[in-house]
Amino acid sequence: VEQLPDMSASPRGAGWTNPAEALATNIGASGGDVLLRLAEHDPGAIVDLYQLFGAPLFSYAIRILGDHSDAEEVLQDMLVKAWEKSNQYDPSKSRPFTWCCTLLRGLCFDKLRRRNATKRGNGKTVSIETENIAAQLDYTTRDAREHAIWHEQIERVRQALETLHPLERTYIKAAIFQGSTHNEIAENGGEPIGTVKSRIRRGMIKLRQILRSQRPPAP
Amino acid sequence: MIADKQSIETSAAYSLDILPDYERAEFERSLRQNPELAKFTADFRELGADIILAESAPLIAPPVSVLSGALARIGADKTKPKRITILPMLLSAAAALVLFSGGKMVWTRMFGTSSQNIATTSAEPADTVIITKNGQTIATLNADERSLKELLAKIQRIERNSPPPGVIQDIARLKRELQSLRKADAERFSANPRVARTVVIEMVDPSTSPTDTNLSERVSDYIASGIELQTDPEPEVKPVSSGDESTSVERAPIIVDPNSQQEIDFQHNENPVFYPDFPAGSDSYEKIDDGRVWDEKNQMIWVETDVPNVFQAVHPPIGFDPDFIDDYLGIVPPAGILPGPKQAAVPVIEPEPVPVNKNSSIPAAPIAFSIYDETTGQGSVIVGNLAPPDDGDVYQLWMRNAADDQLVSVGILPRFETGIERFDFDLLGSGITPAGFMITRELTGGADQPSNNVILLGP
């Protein structure tokens, strides 16, 4: 049998690509190329986007929706939306991951609204406070390799969050994962709305100071 | 530096998407006028993404079905450039392919002849059941739990109306068949992969005596009165057995005359999976003003489209004819080529589905997609949920050349780990125009002709 070509030596370089492996330490800074290719309607870019951000986005959707099936549906919607809207992505305004998070977040809360839940999350949203992230990382199958790439970033943010006042942390997470408004947070937290706004402001500034020193600012 | 506390508070709220709409518009005007504030807000938004990442752990990989569904939907995007070569859907090979999406829609394709297709919609993965009597289709339904329950309830009502003995006998058999089908489906659909099928229940006339020539007609009338009378062309159903009992024959229904079919693709308006080969001009289909097609039989609207842009492979089912390549190519390969001694030494191994994500609600079945750009000659095969080959084995990619229908080796897939992987290939200058692809398992070094160890087979 004649020696057949190994596809890893294909003219396109690596032959089979795993974009996650190419991620820089600063997660989320990568992917700009993917979004540009999406804007050119390269279907392969969807695959790369899925590989790059699929796990964190899927996990985020589960966190908001509390349901795997709904999260799958929303993530699929997000991929399609990214395909359709990628020409609107402006790399000077946000990182690709941030842009994807924004898309996904909107779809998640649309989904929640459609559920007509009396309360966002309908009680399914998991606890705001999580335990040691490292211990919880789901190192199954080959995902371990990709998750490990995210691990450093996760740990940095976790450590930064730990420096916040517990209520600052709680309020910020309530905004992100439950879509709670200032009024709702104030109502649930039993604090004046002005105090809630101040806590979120102080928490965000503190996080910005810590994390900005560790990664380049937004473009 | 922004000293204004209120601006910072508003910026934080805006970046976290919790700013009320009436404040949002005003703040966005401020952002346009204040670059420093815009920069600050962008930073906050990045922080939000960082927190999402950190607090969404443990990270869970989404199932490949998310990607495949997105690719299928993107394939429906008519605005895409035409440079992507669209490969025709596989019309041969004795396999049933089901594209399962979100637990809400099931599309069944029976391979064998291109006209034998039927699409079903269902709230759950379900078979399509065709009930026939003396060669006449008397009912077509989706065998989902709800539909079967309704049908059984109707049958019970018929029983209460004291039909003739022959009818009672037939109805009792039909009831048994449906109950058996429900039970079998419950087991089958909980397994991996989810594969629906089309089942024809042929109500064999228990009495063929000349004294009761009208019985079958009356049976049909009774059943149809409780169900839904169909007026399909007469299917040529050949039951596995005949005699004084009903039989179930697993086959595809003949919906239209195969000779009249035209190459037209349709997609469902809510779940745009391509579905070719329904004929235009059939009584069952009516073109709507906006270009879509009303499918009377399945009570759904199809959107006519040119071609799919993603092609997909699934593993051939157990019991698949090992001489499938004849069907696949539509030709008889030269004697002695298949299987060669080298290939014969390799046992046919069913690939083990590998769970990509233990938390996923959708089982992980081996699957592959391919995309090819004929302008550059470059393409990619995306493989998901495929276990790495054993030591001494490799996966080999083959393309079916449109010009001569010959299978051409593209190369050996480099070793990979379980999960989703992408393999790029380059056919520029090779003279090959791919019309389909498949992946086989071969001995290390590959083979010059494909063995029967077909792992994934796609159009």
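Here is how names work: the chains are called A, B, and so on, in the same order as the sequence lines, proteins then strands, and each is numbered from 1.
Residue contact with chain B, scored on non-hydrogen atoms closer than 4.5 Å, involves the backbone and the side chain of A/L75 alike. Contact annotation for B/S11: neither backbone nor side-chain heavy atoms come within less than 4.5 Å of a heavy atom of chain A. With a 4.5 Å cut-off on non-hydrogen atoms, A/R202 does not touch chain B at all. Only the side chain of A/T102 comes within contact range of chain B, with heavy atoms under 4.5 Å apart. Only the side chain of A/I176 comes within less than 4.5 Å of a heavy atom in chain B; its backbone stays farther off. A/I205 touches chain B through backbone and side chain together, each having a heavy atom under 4.5 Å away.
Of the residues considered (A/L79, A/I185, A/D77), A/D77 shows the highest number of contacts with chain B, using heavy-atom pairs under 4.5 Å.
The residues B/R24 and B/E28 are annotated as salt-bridged, a charged nitrogen and a carboxylate oxygen being separated by less than 4.0 angstrom. Using a cutoff of 4.0 Å between basic side-chain nitrogens and carboxylate oxygens, A/R201 and B/E9 are scored as salt-bridged. Using a cut-off of 4.0 Å between Lys/Arg side-chain N and Asp/Glu carboxylate O, B/E46 and A/R208 are scored as not salt-bridged.
Remark: aromatic rings of B/Y14 and B/F44 are distant, center separation not under 6.0 Å.
Judged purely by atom type and a 3.5 angstrom limit, A/Y171 has no side-chain atom pairing as donor or acceptor with the backbone of A/G203.
Contact check for B/E55 versus A/R158: side-chain heavy atoms found under the 4.5 Å cut-off.
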